[in-house]
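These numbers were taken from a predicted model, which means no experiment stands behind them.
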Amino acid sequence: MWVSLALLLLGALAAVVTPRLMARAEWPEREPVVALWVWQCVVAAVLLSFALAMTISAAAAWQAVRGHVFAPAPHAVVEAYALAGHGSWSAVMAVLLALGGVWTAAMLAREIHRAQLRRKQRRTELLVRAPLMPGEEPGSGRLVVLEGERPDAWWLPGSAPQLVITTAALGRLKGRQLDAVLAHEQGHAQARHDWLLNCSEALASGFPQVPVFAAFRNEMHRLVELAADDVASRRFGRLTIALALVELNEDRGVFGPSSAADAELPLRVNRLLAPAGRLTAARRLRLTAAAALVPVVPLLVAFVPGLSALK
């Protein structure tokens, strides 16, 4: 029983402490790709802690489950987990955690379904505004130009991803700025940022009171844009992508005194124009390795009692 409680405490501690630590850190803005990795590892550790706690609690509550979980294990290993004597509490804990797991899967399925519907709707609208020419196959072109007075560009994910750009944007973007925008959107597609956004949205909407999931969603939206900006800036320069962002958004009032509509855009432009130095390769490697070890902690908590009993 104590192993289940330790896993629950570990998951809860990570869920509460991580958003505060990441909010105080300055390096995520300098290394958004590393920050994305850290967030994914922490969320995976939280989910793994709860999943392992559910499994051990179920094993303590029901003999049938215990037989499957500890089937090949010696008797000393089973005794090390002290499963006897906590059947009622373990059953309640296992059921609650199982319901949480089912709810998580349902939220993820709902978010994927909503994303598919949004994608289908946007593709339908795209076909209406830019109908196929005779003999042209749907999705055959990776670049679609739409007639429009508003400068805009976006990547439409899917099995046949496409970059959509308006004629107003083509008129605004000068020289290599268009190439920088294309590189930015391709950075989203190559890193499959849409999946990260869907997963973070599912967790945050399913468990709005859990701090780590709300922060995970907010940070994913911010960090994927910073990561895509860096992809474009490495190829075409920071000034080029910064000017492209200004050209695409200056008519929307986001650079004015009241830019609540998209407050991140001015920050992104300032970051590109006055960049902080990147972390050293050694520190990036240490952060990446440390994050990869975070999901290992609940595994150690779960398996150390059994391994110790084998000595």
Mind listing the closest non-hydrogen atom pair of Ala244 and Val181 along with its distance? CB-CG2, 3.7 Å
In terms of hydrophobic clusters joined by side-chain contacts under 4.5 Å, are Trp27 and Val33 together? no
Please tell me if the side chains of Ile112 and Trp195 come closer than 4.5 Å, counting only heavy atoms from C-beta onward. yes
Neighbour count above 12 (heavy atom, 6.0 Å) for Trp154 CH2: yes
For Trp62, does the CH2 atom have more than 12 heavy-atom neighbours from other residues, nucleotides or ligands under 6.0 Å away? yes
Close side-chain approach of Trp155 to Val164, heavy-atom, < 4.5 Å: no
If you measure only the distance, is there a donor-acceptor pair under 3.5 Å linking the side chains of Asp194 and His188? no
Closer than 3.5 angstrom, by distance alone: can the side chain of Arg222 be matched with the main-chain N or O of Glu264 as a donor-acceptor pair? no
So, Ser90 side chain and Ala58 main chain: donor-acceptor pair closer than 3.5 Å or not? no
Near Arg20 CZ, under 6.0 Å, is it more than 12 heavy atoms from other residues, nucleotides or ligands? no
Leu108/Cys199 under side-chain contact (heavy atoms from CB on, under 4.5 Å): CA gap, chis, key distance, verdict: CA-CA 6 Å; Leu108 183 58; Cys199 291; 4.0 Å; yes
Expected output: side-chain Asn218 to main-chain Ala214 donor-acceptor under 3.5 Å: yes
Are more than 12 heavy atoms, taken from residues, nucleotides or ligands other than Lys174, located less than 6.0 Å from that residue's NZ atom? yes
For the residue pair Trp37 and Thr288, what are the closest heavy atoms and their distance? NE1-O, 3.1 Å
Which heavy atom of Leu7 sits nearest a heavy atom of Ala302, and at what distance? CD1-CB, 4.3 Å
Closer than 4.0 angstrom, basic N to acidic O: yes or no for Asp230 and Arg235? no
Counting only N and O atoms by type, is there a donor-acceptor contact under 3.5 Å from the side chain of Ser205 to the main-chain atoms of Ala202? yes
Using every non-hydrogen atom in the two residues, find where Val46 and Ala14 come nearest and quote the distance to one decimal. CG2-CB, 3.8 Å
Is it the case that one hydrophobic cluster holds both Leu196 and Met22, taking links as side-chain heavy atoms less than 4.5 Å apart, direct or via other members? yes
Give a yes-or-no answer on whether the side chains of Glu225 and His193 include a donor-acceptor pair shorter than 3.5 Å. no
Ignoring hydrogens and geometry, is there a side-chain-to-backbone donor-acceptor pair from Arg172 to Glu247 under 3.5 Å? yes
Ala183 and Phe236: which non-hydrogen atoms are nearest, and at how many Å? CB-CE1, 3.7 Å
Please lay out, stage by stage, how Val231 and Gln186 fare under the test side-chain contact (heavy atoms from CB on, under 4.5 Å). CA-CA 9 Å; Val231 170; Gln186 287 171 351; over 6 Å; no
Of Arg268, Arg238, Arg234, which is the lone residue that meets salt bridge (charged side-chain N to carboxylate O under 4.0 Å, His left out) with Asp229? Arg268
Less than 4.0 angstrom from a charged side-chain N to a carboxylate O is my criterion; do Glu111 and Arg118 meet it? yes
Polar side-chain atom of Thr166 near backbone of Arg150 as donor-acceptor pair, under 3.5 Å: yes
When you measure from the side chain of Gln177 to the backbone of Ile241, do you find a donor-acceptor pair of N or O atoms at a distance under 3.5 Å? no
Taking all non-hydrogen atoms of both residues into account, name the closest pair between Val294 and Val42 and its distance. CG1-CA, 4.3 Å
Donor-acceptor contact below 3.5 Å, side chain Arg284 vs main chain Leu279: yes
Out of curiosity, does Met54 fall in the hydrophobic cluster containing Leu300 (side-chain heavy atoms, cut-off under 4.5 Å, transitive links)? no
Just so I know, are the side chains of Ile165 and Leu173 near enough to count as touching, which here means a heavy-atom distance under 4.5 Å? yes
